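These numbers come from a predicted model, not from an experiment.
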Amino acid sequence: MITVRVGTRGSVLSRRQTEAILAVLRELHPGVRFEAVVIQTHGDRWAGPLSQAARPGMFVAELERALQEGFIDLAVHSLKDLPTSPTPGLVIAAIPPREDPRDALVANAPSLAQLPPGARVGTSSPRRTAQLRAYRKDLEVVPLRGNVDTRIRKVQAGVVDAAILAVAGLVRGGWEQEITERLDPEVMLPAPGQGAIALQVREDDAGTRSLVEALDDPLSRAAVSAERAFLRRLGGGCALPAAALATCDGATNTLRLRGLVAAPDGSRVVRVERVGPIADAEEIGQQAAEAICGPVPPLAS
């Protein structure tokens, strides 16, 4: 029997979303043995503020290295953790149907709007921090690290009054009941790629690639391609919190991308929207970024 070694981070969420992918692959390929391999990443070991980690791909680099070196055959990533520039020798073979890409409020209040004045809201994301401060200047935004279950417990224990987390992580990890409110993208635009999973293989490994390609969802791939192109192009001219969300309408062959760049303190938020054919996903993302920061030279691929 063929064995495919599948790399995953060690967090509860990472293992659960990997097992969900493996369940589908095992059903599709009963003659193949899929074996999960837990790999600790720099991001998992880092205990300080994320803003000080200063390492692109901090949650995926060790997985990618293991894939390049042949220690694993397939890596399962949260797509938003992957750098927007491709890693030499590796390809994203499949992007399964995307979970809800929105952010969620976990709190002891009915909604973000109904949090009491001065409430402490936990997040270590500059993107979320900027949008929270733009929406409600009275809130106290405080750093909050740890796995999803750790952050939920800190809300329950009253360490913070609320936390902002990805809906997808809460759903896939089995914590959907903890969601107080799914935040409107007009209030909290998500990170590029949020809610999507990437299945990464070696470029020259046609066998493994053929096993996972059936999981690829073209509309999810187009949406995240637009979002990642937006972020990649911003990388050439902006160094501010950014967010993007694309939605695809297969019936009309239309992609709508909303993007923003914000001052870290939320004092200024610049929004952009572009609509076009799904086939032009990357170009739409690039055009949206240029509308905010102006034309910049294309980044090396």
For the residue pair [X] and [Y], establish whether any side-chain heavy-atom pair is separated by less than 4.5 Å.
| X | Y | result |
| --- | --- | --- |
| Pro96 | Leu199 | yes |
| Leu165 | Ile152 | yes |
| Gln287 | Asp280 | no |
| Val37 | Phe71 | yes |
| Asp100 | Val171 | no |

Point-to-point distance, once rounded to the nearest 0.5 Å, from [atom1] of [X] to [atom2] of [Y]:
| X | Y | atom1 | atom2 | result |
| --- | --- | --- | --- | --- |
| Met188 | Leu245 | CE | CG | 13.5 Å |
| Glu99 | Gln17 | CD | CD | 10.5 Å |
| Leu231 | Gln286 | CG | CD | 12.0 Å |
| Arg202 | Arg209 | CZ | CZ | 12.5 Å |
| Leu132 | Lys137 | CG | NZ | 12.0 Å |
| Gln200 | Leu79 | CD | CG | 10.0 Å |

query = Mind checking whether Leu90 and Ile72 sit in one hydrophobic cluster, side chains of I, L, V, M, F, W, Y counted as touching below 4.5 Å?
reply = yes
Between [Y] and [X], does any NZ, NE, NH1 or NH2 come within less than 4.0 Å of an OD or OE carboxylate oxygen?
| X | Y | value |
| --- | --- | --- |
| Arg98 | Asp217 | no |
| Arg182 | Glu176 | yes |
| Glu19 | Arg26 | yes |
| Glu227 | Lys80 | no |

Using modelled atom types and a 3.5 Å cut-off, is there a donor and acceptor pairing between side-chain atoms of [X] and backbone atoms of [Y]?
| X | Y | result |
| --- | --- | --- |
| Ser124 | Leu144 | yes |
| His29 | Leu211 | yes |
| Arg136 | Leu112 | yes |
| Arg128 | Gly122 | no |
| Thr180 | Ala107 | yes |
| Arg228 | Pro83 | yes |

task = Apply salt bridge (charged side-chain N to carboxylate O under 4.0 Å, His left out) to Arg256 and list each qualifying residue two or more places apart in sequence or on a separate chain.
result =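 Arg256: salt bridge (charged side-chain N to carboxylate O under 4.0 Å, His left out) contacts with Glu273.
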remark   = Contacts satisfying salt bridge (charged side-chain N to carboxylate O under 4.0 Å, His left out) that involve residues 153-169 (not counting sequence neighbours) are Asp149-Arg153
note = Quick note, salt bridge (charged side-chain N to carboxylate O under 4.0 Å, His left out) partners involving residues 184-201, not counting sequence neighbours, are Glu186-Arg258
ask   = Just one of Asp103, Thr123, Val269, Leu189 clears the side-chain contact (heavy atoms from CB on, under 4.5 Å) bar with Gln131, so which one?
value =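 Single pass found, and it is Leu189.
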